[in-house]
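One structure is given here, and the rest of the page talks about it.
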Amino acid sequence: MQASNDLSLGKSSFQWQNLSWRFRSTSATERALQYQAGQKISGFTVKEVVTVPDLFLTAVKLTHDNTGAQYLHAARDDKNNLFSVQLRTTPMDNTGVPHILEHTVLCGSEKYPCRDPFFKMLNRSLSTFMNAFTASDFTMYPFSTQNGKDFQNLLSVYLDAVFFPCLRELDFWQEGWRLENENPTDPTSPLVFKGVVFNEMKGAFSDNERVYAQHLQNKLYPDHTYGVVSGGEPLAIPDLSWEQLKHFHATHYHPSNARFFTYGDLPLEQHLKQIQEEALSKFERTEPDTAVPNQPHWDRPREDHVTCSPDAMAPDAAKQNTLCMSYLITDTFEGFTLSLLSSLMISGPNSPFYKTLIEPKIGTNFSSVVGTKEASFSIGLQGMAEEDTEKVKQIIVQTIDEIIANGFEEERIEALLHKIEIQMKHQSTSFGLSLASYIASCWNHDGDPVQLLKISDSVAQFRQALKDNPRFLQEKVLHYFKDNTHRLTLSMSPDEAYLEKQVKAEEEKLQKKVQALSESDKKDIYEKGLELLSVQSKIQDASCLPALKVSDIEPTIAVTPVEMGTAGGVPVQYCEQPTNGMVYFRAMCSLNTLPEDLKLYVPLFCSSVIMKSNVYLYASITQFAIRKSIVHSQSDSQGVLLSSSCLERNLPDMFHLWSDIFNSPHFDDEERLRVLVMMSAQELANGISYSGHMYAMTRAARSLTPTGELQETFGGMEQVKFMKRIAEMPDLTQVLRTLPRIKRHILNPLNMRCAVNSTPQKMSDAAGQLDNFMSNVASNKKDRKPVPPGSGPSRKLITVRTASTFKLDLCPNFKPCQMKTFFPMPFPINFVSECIRTVPFTHEDYASLNILSRVMTAKYLHREIREKGGAYGGGARVGGGLFTFYSYRDPNSVQTLSTFRKSVDWVRSGQFTQQDIDEAKLSVFSAVDSPVAPSNKGMGRFLSGITDELKQAHRERLFAVTDKSLVDVAGRYLGIGQRTCGVAILGPENDTIKKDPSWVVK
C-alpha cells in the first residue's frame, strides 16, 4: 500500500487513557520508569527513560548493541498493543522497487514459506490492525492486537517477513509486473503487462490530485530520492528486474537501517527477547548508505507545467487548472511552528488565503502538500480557469505581504492551541498507530522522536516566542516565504488526449518488450504463466503459521451500561465513561418526515449549517469539533447525526453554539453558498478515483433496499452528479429557498433523540446544560406545543425498535428490483460490485452470511481477483441487509462478475474445511471485538438500536456456525434463482457492456 507521509500535528489523533480508571497493581507507565539508562536487556542498552505526562506514557529509548538498530517503547495503559518496524528506503529510480518489495516480502519467508502469510494471518489472529506502507523515504510494517499471545504470533511472522523473506521470482511476477498471455491458458492470445503493483499504480495515477502531488514533490526536490516515484511510475515498473529487487532488500532491509517501535501495556522485556532471538542475533552491524542529503537550495525561483486527464465530473468544465507555489523549508526544528503557521494561513473560512483565493470564487480548493526530510509548504488552488493563472500568482504574493504586515488575530492562534489540547485529550482506539505515524518521518532522519511527543513543551516554547517577540510569526512568514528563493510555481492543466497518450505509451512500451522476444522466449513466458497459474490455484498449506483458536475468543461481551432519560421532552441516552475531561454530544435528527424532493439537498444542508458555525468557531476562542454525517440505521429511522465534543470547561459554550445553529441559521448568503457548492462538488469529483469501489457498492445496492436507495442519494454517484448540476447553475436562489424547508424537518426537537458521553462527575452538569438547550430550542418553535417530560410523541423512541423491522414497514412503496449500471470513467482500471438482498443483523441467518463472506474472501475471491486477476483488492462483505461483492483497481470488468458467481458455486460444493471456518470466525471476531473509544461507547445502541443483548445473541450465533449452515445460506440467498441483485461498474469505455441491452450506461 502507498502511504502519504503526513506529519502535520493536526492530522494525528492523540488519545489519553484515564490512569485512575483501570487500576493495576502497577501500571505499564510506572513499570517502565524502573528502567535505568545504561541497563542491558536482551542485547539492547537503555539510552533514556522519559515520562510524557501529556500523553500519559513513559518512553524508553534503546539501541541494539550488535547492529545499532534503534528502538523506542511507549509504555501506556492501553490494551491495544502495537508493533512497527520501519526501514529507510531511498530509491533512485521510478521502478517502484521499495513498493514492490513491500508487497513481495509479505509473500512468504524462511520460517513461514507458505504463499501470502500476511493475508493468511488476517484470518488466524485477532489483530486490530495489520498493514504495510511505502512512503517517499521509508517503508513501515505495523500491526496491533489486544491479545498477548496474538502479539507474539504476529511479531514472529512480521520479523521473519521483513528480515528473511523468500522473494521468489513467481511472487515478484505476481505482485510487481510480468509479461503474460492475456488468457494464460491460450498461447495465441496477445502478451500484456500484468501485476498487482502495476495495476495499483495505474489506478493511483488516474487520480489527478495524486498526479499533481507527485510532480510537485519530484520537482521541488529534484536532486535525490524525492525526485523519483517511490510507489512506481506505471511505465517504469516493467524496467525492474528480480535481481534488482533482491539487491534492494539486501542493502536496505537490515537491522542497522531499522527503527523498532512498540506501544501499549505488554512488558517490554518480552518484546526485546523475541526480537533479539528471532531476528537481530543473526546479523552483524553494517553501515547502511541510505541517508538522504539536504536538497541543494536554489538561488532563484523556478516554474514548471504538467498535464492531466480532464475530469468529466468537474463542477465547471472550463475551470480544471491547478496552480501551486511551494517553498522548501530547511530548518527542521521548526516543525511545530510550521504546522501552526500553515493552519493559521489556510485553515477555515477566516484564514487569509481562504478569504483571498476561495471566497472570490477563483477556484474551488487548496492544493496538496508533501512530507519529506526537509519540510515544504504549498499554497495553491484547484478548479481554476487557465486565464486566472497570473491573477492567482499575484494574490498569493499579496496575501503573504498582508500577513507580514498585519499578522494573525490572537483569537485564531488561541483557537488553534485549544484544538491541540482537544486532540491530546481525545482518545482514539488506534493511538499506537497514530504515534508510530507521527514520529516516523522525524525519526527516519535521525531526529529525536521523544522530543516530538512533548507537545506541551512545544506549545510553551511557542507561547514564549510570541511573548518575547509579538512579530515572531510575521518574521517567520517573511523568512520562509517572502525571502525564500527555493520556490516552485507548478501549474497543471487538462489535456484532452492525456489518456490516449498514456494508452499509446503503454502500448509502445509493450511492443518494444515483445519485439525483443524470440519464439523460445514467448514459449518460456507461456510456460511461466501456466506455472504461476498452477501455483495460484493450489490449495495452500498454511499449517506452518501460528494461529489463535476459536477457544481463545471471549465467550461474552463486556456490557456497556447506559441510562435513558429525557431533556426538554426529547429522549436522551447517558453513558458514563473515562473520557479524560471531554464531553461528547450527539443528536440524531430523523428524516422520516422529510419530503422526497428534498433528500438530495440534505448533504448540502449539513455542510451549510456547519460552515456557518465554523465562521463563529474561528472567531471565538472555544473551538469545537463538529461533524455531520448521515446515518442509515437498521432500526426504524434514517437520520442526520449532529455531533460535537468539547473540554468540560466549555460545555455551556458548546450548547450556546448549537442554540445559535438551531435558532438562527443563515440561509441567505448566496455568495457563501456558491463557494460551498464549488468546494463540495470538487471534493466529490476528486474522491471517485480513490473510492471507486465504495461508489460501485453504493450504486449496486440502490435498487435493493430503502437504506441502499437513501445511501445512493446522499453519498453515491447520484449525489456527485447532483452537486455538479448545482455547481453549474448560474443562480442559486432556488437552492437557498430549499434549505429552510429542510431545517424545519431536521432541526426539530419533535424529530430528535440525543446521547451524551462524559465522566460520571460531569454527567449531571451535562444533563442540565442539555435540558436548557432543548427548552431554549423548543420555546423558539412557535409551531410546537410544549411536551411534558416522558410523554408525547418523543416517548416512543426510547424503547428502541430492533433491527428486525428493517424499515420495510416505513417504505411500503419500495419495491426491490434488478439493475445493472455502468459509469464510463477516465480511469485505466475498473471498480466492480454486485449486491444481493439478504437479511438484517438480528436475523438468525446473518451470522452464517457474515462468516460466509470471510470464507469466500479469504479462500476464493482473494486468489481469483487479486492473485490471478491482478486487481489491487476484492472480496465480499455483509451488512445493511445485503451481501456485497466488490473489486478495487481491477484490470477486469465483466470477468470479475463471473468470478463472483463462481465463488457461490465454490461454496455450495463445500470445497472448504473446518480450519477455513475457524479462521473466518477469528477474522469476524477481530472486527466484532475491535476496541471502542470511551467517546463511542453505547453508540451502536443509540444509532442502530443494537443493544448488548442483541450483540451477545449474534455472538452466540457466530460461535455456532457450521459448514452445513454456510452451504445452506449460500443456496438460499445467493443461488441464481433466489436472488434479487444489483450490479455496478465504474471503469474505462467497455464495448461488451455497451452492446449488452441489460446494462444501463450513464
Side-chain angles (χ1 to χ4, degrees), residues 7-16 18 52-56 335-354 403 407-428 431 434 438 452-467 470 472-473 476 579-586 610-628 642-661 756-759 762 765-766 769 933-935:
L7 289 185
S8 63
L9 183 74
K11 295 286 168 69
S12 51
S13 48
F14 284 103
Q15 160 208 19
W16 281 15
N18 196 323
V52 185
D54 288 347
L55 306 176
F56 277 144
F336 184 79
T337 305
L338 188 66
S339 77
L340 280 184
L341 201 50
S342 73
S343 294
L344 288 167
M345 287 165 77
I346 63 179
S347 290
N350 277 2
S351 65
F353 276 108
Y354 187 97
I403 293 171
F408 301 100
E409 300 95 333
E410 199 174 327
E411 286 92 350
R412 292 195 57 236
I413 296 173
E414 282 305 321
L416 207 53
L417 294 174
H418 175 228
K419 191 175 171 184
I420 291 167
E421 187 181 355
I422 285 184
Q423 282 167 341
M424 290 196 305
K425 293 236 175 213
H426 174 71
Q427 307 171 62
S428 80
F431 186 58
S434 299
Y438 177 60
L452 213 52
L453 299 179
K454 297 180 181 171
I455 295 156
S456 290
D457 293 3
S458 301
V459 171
Q461 280 169 354
F462 175 77
R463 284 191 185 281
Q464 191 58 46
L466 263 184
K467 199 173 150 196
F472 169 67
L473 285 173
K476 288 290 166 209
T579 55
N580 199 33
M582 296 280 291
V583 178
Y584 296 89
F585 165 73
R586 277 122 173 149
I610 300 308
M611 177 91 163
K612 178 210 177 272
S613 63
N614 262 347
V615 178
Y616 178 87
L617 292 184
Y618 276 91
S620 77
I621 290 178
T622 318
Q623 160 91 41
F624 306 99
I626 295 193
R627 292 191 312 282
K628 49 98 183 159
L642 310 175
S643 60
S644 64
S645 55
C646 66
L647 301 168
E648 286 175 349
R649 64 173 188 261
N650 293 327
L651 196 56
D653 296 313
M654 178 169 80
F655 282 116
H656 175 78
L657 179 56
W658 279 120
S659 298
D660 190 45
I661 289 172
V756 177
N757 285 26
S758 88
T759 56
K762 199 67 187 170
D765 186 11
Q769 296 281 352
S935 56

Test side chain to side chain contact (heavy atoms under 4.5 Å, CB included) on H418 and L647 and set out the steps.
CA-CA 9 Å; H418 175 228; L647 301 168; 3.2 Å; yes
Hey, mind stepping through L340 and L417 against side chain to side chain contact (heavy atoms under 4.5 Å, CB included) and telling me if it holds?
CA-CA 8 Å; L340 280 184; L417 294 174; 4.0 Å; yes
CZ of F472 to CG of L466, rounded to nearest 0.5 Å, is 6.5 Å
To the nearest 0.5 Å, what is the distance between CZ (F353) and OG (S342)?
11.5 Å
State, with a plain yes or no, whether a side-chain heavy atom of Q769 is found less than 4.5 Å away from one of V583.
no
Heavy atoms, side chains only, cut-off 4.5 Å: are F336 and D457 in contact?
no
Heavy-atom side-chain contact between I455 and Y438 under 4.5 Å:
yes
side-chain contact (heavy atoms from CB on, under 4.5 Å) filter on E409, not counting sequence neighbours, yields E411, R412
Evaluate the side-chain proximity of I403 to L473: yes if any heavy-atom separation is below 4.5 Å, no if none is.
no
If we only count heavy atoms from C-beta on, is the R586 to S643 side-chain gap below 4.5 Å?
yes
W658 to S644 - nearest heavy-atom pair and separation
NE1-OG, 2.8 Å
Once rounded to the nearest 0.5 Å, what's the spacing between atom NZ of K476 and atom OG1 of T337?
6.5 Å
Can you name the side-chain contact (heavy atoms from CB on, under 4.5 Å) partners of S343, sequence neighbours left out?
S347, L416
If you define the side chain from C-beta out and look only at heavy atoms, does anything of S935 sit under 4.5 Å from Q427?
no
Which distance, rounded to the nearest 0.5 Å, do you find between the OG of S456 and the CG of L55?
8.0 Å
Are any of the side-chain heavy atoms of S758 and F585 separated by less than 4.5 Å?
no
Which heavy atom of P934 sits nearest to which heavy atom of N757, and what is that distance?
O-ND2, 3.0 Å
Would a 4.5 Å heavy-atom cut-off, applied to side chains only, mark L651 and C646 as touching?
yes
Those residues that, when tested against D765, pass side chain to side chain donor-acceptor pair (under 3.5 Å) (two or more places apart)
K762
Could you tell me the separation between the CG atom of N650 and the NE2 atom of H656, rounded to the nearest 0.5 Å?
12.5 Å
Residues that E421 engages under side chain to side chain donor-acceptor pair (under 3.5 Å), provided they are two or more places apart:
R649
I420 CD1 to S339 OG distance, which is reported to the nearest 0.5 Å
6.5 Å
Any idea which heavy atoms bring S645 and Y584 closest together, and the distance?
CB-CD2, 3.5 Å
